[in-house]
Structure formats: C-alpha cells, structure tokens
Amino acid sequence: MKRSDLFFALPSAIPSLPTPRFINLRGSESLEHETGSIACELTQGLTAQAAALPPKFFYNTLGSKLFEAITVLDEYYPTRTEAGIFQAASPQIAGALAQAGLNHPCLIDLGAGNCAKALSLMPVIRPRQYVPVDISTDFLRDAAGQVQNSFPALDIVGVGMDFSADLRLPDEVQLHDRVYFYPGSSLGNFQPAQALAFLRNMADKAQGKARGLLLGIDLVKDTATLQAAYDDALGVTAAFNKNLLRNVNELLAADFDVRQWKHVALFNTAQSRIEMHLEALSDLTVTWPGHSRPFLAGERIHTESSYKYTVESMTALLTQAGFSQVRQWTDPQQWFAVFWAAA
Ligand code: AVI
C-alpha cells in the first residue's frame, strides 16, 4: 500500500465534539457602559461612610476557583449537606416536577459556576434545554463545554450575565416550561427585600417565566457552626474575601495592598446573617483614579452578608413572592433546606 492509499483510507472527518451556544451579555458592545457602571458602583461603596463592596465582585476567575475550594472545606457544610438532600429527595423532586407537568423543562441554572450541581440533577430533571447563567464568563464557558461533552444531545445555551440586577434572559432561552434552579443558598446573599423582589420577578407569570423554582437555603443554627463555615482553619475563605481587593485593583486601577487587610466573619443574630468584612490592619489610604479613601486601623469594609432563614420564614417569603405549592426537604440536622415552589 502506497502512503497516499493509506491517507485516503483514514476517516475523512474526525467527528468534532459539540460546543454549546454561549451568549455573553457582558460583551464588547456594552463593555464601555459596563466598565463605567462598575467603576461607579465600586466608588460609591468605597466612599460610603460605612464602606461596603458588592459580593458579586468576588467572582473573578481566581475567586470562582477559591469558592470551589470553599465548598469542599470541612467547615463549609452547606454544599455537601445540600447535595445529600438532593440525593435523598430526588424521587420526591422528580414527583413534584411531574405533578407540575414539567417533564422535560428548560433548566435555568442561576450562578451555575462549574455546573456540578445541575449535572448531578440531570437524571432527575431531564431538561430539554439547559441554561447555565453566571457572571464569571470564562469559567462558565469552560464548564458549559464540559456539560455538553457529557450530554452531547442536550440543547445548552450558556449566558454570561449579572442576573442580580436584571433577570431578563436572551431570546434563545425558551419561554415555556422554565424551571429556575438556584442552589447553594445564594439567595441568602441578597438583602431580604431584594430577595423578595428577585423571587417576585421569577414568579411573575405575566413574563411567561418560571413554572417552578428549586431553591437551596441555609438555615439558622448555632453561631459556632455558622462562624466556622465562614472562617475556616486553612484560610481559604480569608483568601476568597481578600481576593475581592485584587479584583477591585484590576477593575478600578486601585492600589489595595492585600497584606494590609484582615478577614473577619461574624454572625449578626439580630439580622440573622453572617457578615464578612475586611479590616484595615493599620491606618492607610487607598487611591484610584480621581478618588482616595483613608481607613483607620480597625475600620472595616463590609464585603458580604449571608442571610440564614428558617423553613417558616422562607416559605412565607416564597408565598409572598407569588409562588404556591411550596414543598421542602431538609437534612437530619435541619441545617439546610431545599425548596420546590411552583408558580
Ligand atoms: C455563594 N454564597 C451562597 C456563599 C455563602 O455561603 O454565602 C458565598 C460564601 N462566602 C463565603 N463563603 C461562601
């Protein structure tokens, strides 16, 4: 056999792996506008009397990786507890979907990250369309590609966007039979009034949106367990918190020195929330184009609130938002709850 015969004997086209559609609503046309509004948002937070930074800025590429690491820490019980509930309650969850007539829904995965949670629920939810949504665009694009490799026939539309401000999804996302999936107690990172508005937006039938919501919520428990979950022995959560300053340096051309800040996590019982702060270790001044902010030693920047609910308070919130038929499942210690709510 000649070399040329051998060449023609080879398959002419090696089948290529399917790639998911990806829509980046943080794309170049809006980049200038977005950059301006990010700078305004950060400047406003940093120059407020009680300085605060929005937690969505944790999730640059390194921040998303650090968060992934947090989820496997011994102290950070929410992720594994929620996974245990999903596993134990999967027949009931499948039953709730069937009862709502959602046999092959469009699964909208809010804050999808590495898509691992939705992946484990694919056999239960059996979506026709999968829509992972995340602010961390590059991280999501890779993750969506991996889901597509595992489910080549699944219609996947990845969406890079900041859904905390506006939940309007692109036209490529089907309007009917939508199931929102919001696990990990991420709703706890909203102020309660914002959480209600967000849930209302999802439940709003006028927009032809959700038929159902599958929601994971961390529950109130003893302070020591809560605080350890946000101040782990390895210091991963501290790194996650401080990385926010690196991200602000990048976004705002600011000059935060990460070494001058200490991670603080505390449970505010009155407000039923874990608070994360960054505390200045000495008197210092942070500068960025057109601005500066002096901090005294001990002064803090509030970086995150993580509200903890009871089964009753979350059921009331879902009902107030317009959802009905609220069901919930918890773990034996009642540390975490998964809610199903139909709209
Ligand atoms: C994403 N979110 C639900 C996490 C939480 O528990 O509030 C973020 C986090 N912050 C520190 N550790 C984890």
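Source: prediction; values computed, not measured. Order of listing sets the numbers, starting from 1, for every ligand and every atom in it.
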> For ligand 1, which atoms have a heavy atom of Ser186 less than 4.0 angstrom away?
Replying inline: 1 (C), 3 (C)
> Which atoms of ligand 1 have any heavy atom of Phe240 under 4.0 Å away?
Replying inline: 10 (N), 11 (C)
> Is it true that the NZ or CZ of Arg293 lies under 6.0 Å from the centre of Phe295's six-membered ring and within 45 degrees of the ring axis?
Replying inline: yes
>> Main chain of Phe57, side chain of Asn247: is a donor-acceptor contact present, judged purely on distance under 3.5 Å?
In response: yes
> When you measure from the side chain of Asp109 to the backbone N and O of Cys115, does any donor-acceptor pair fall under 3.5 Å?
Replying inline: no
Nearest to [atom], what protein heavy atom do you find, and at what distance?
atom                    : value
atom 10 (N) of ligand 1 : Glu304 OE1, 2.7 Å
atom 4 (C) of ligand 1  : Tyr76 OH, 3.4 Å
atom 2 (N) of ligand 1  : Asn189 OD1, 2.9 Å
atom 7 (O) of ligand 1  : Ser306 OG, 2.7 Å

> What about the rings of Phe336 and Tyr77, do their centers lie closer together than 6.0 Å?
Replying inline: no
> So, Phe58 versus Phe240, ring centres under 6.0 angstrom or not?
Replying inline: yes
I'd like to know whether ligand 1 has [X] as a neighbour, heavy-atom separation below 4.0 Å.
X      : result
Gly184 : yes
Ser185 : yes
Phe67  : yes

> Of the choices Phe58, Tyr59, Tyr230, which has the non-hydrogen atom that lies closest to atom 6 (O) of ligand 1?
Replying inline: Tyr230
>> For a ring-ring contact (aromatic ring centres under 6.0 Å, His included) check, start with the C-alpha distance between Tyr182 and Phe198, then their side-chain angles and the critical distance, and finish with the verdict.
In response: CA-CA 11 Å; Tyr182 202 27; Phe198 188 71; 5.5 Å; yes
> Can you tell me if CG on Asp171 sees more than 12 non-hydrogen neighbours from other groups inside 6.0 Å?
Replying inline: no
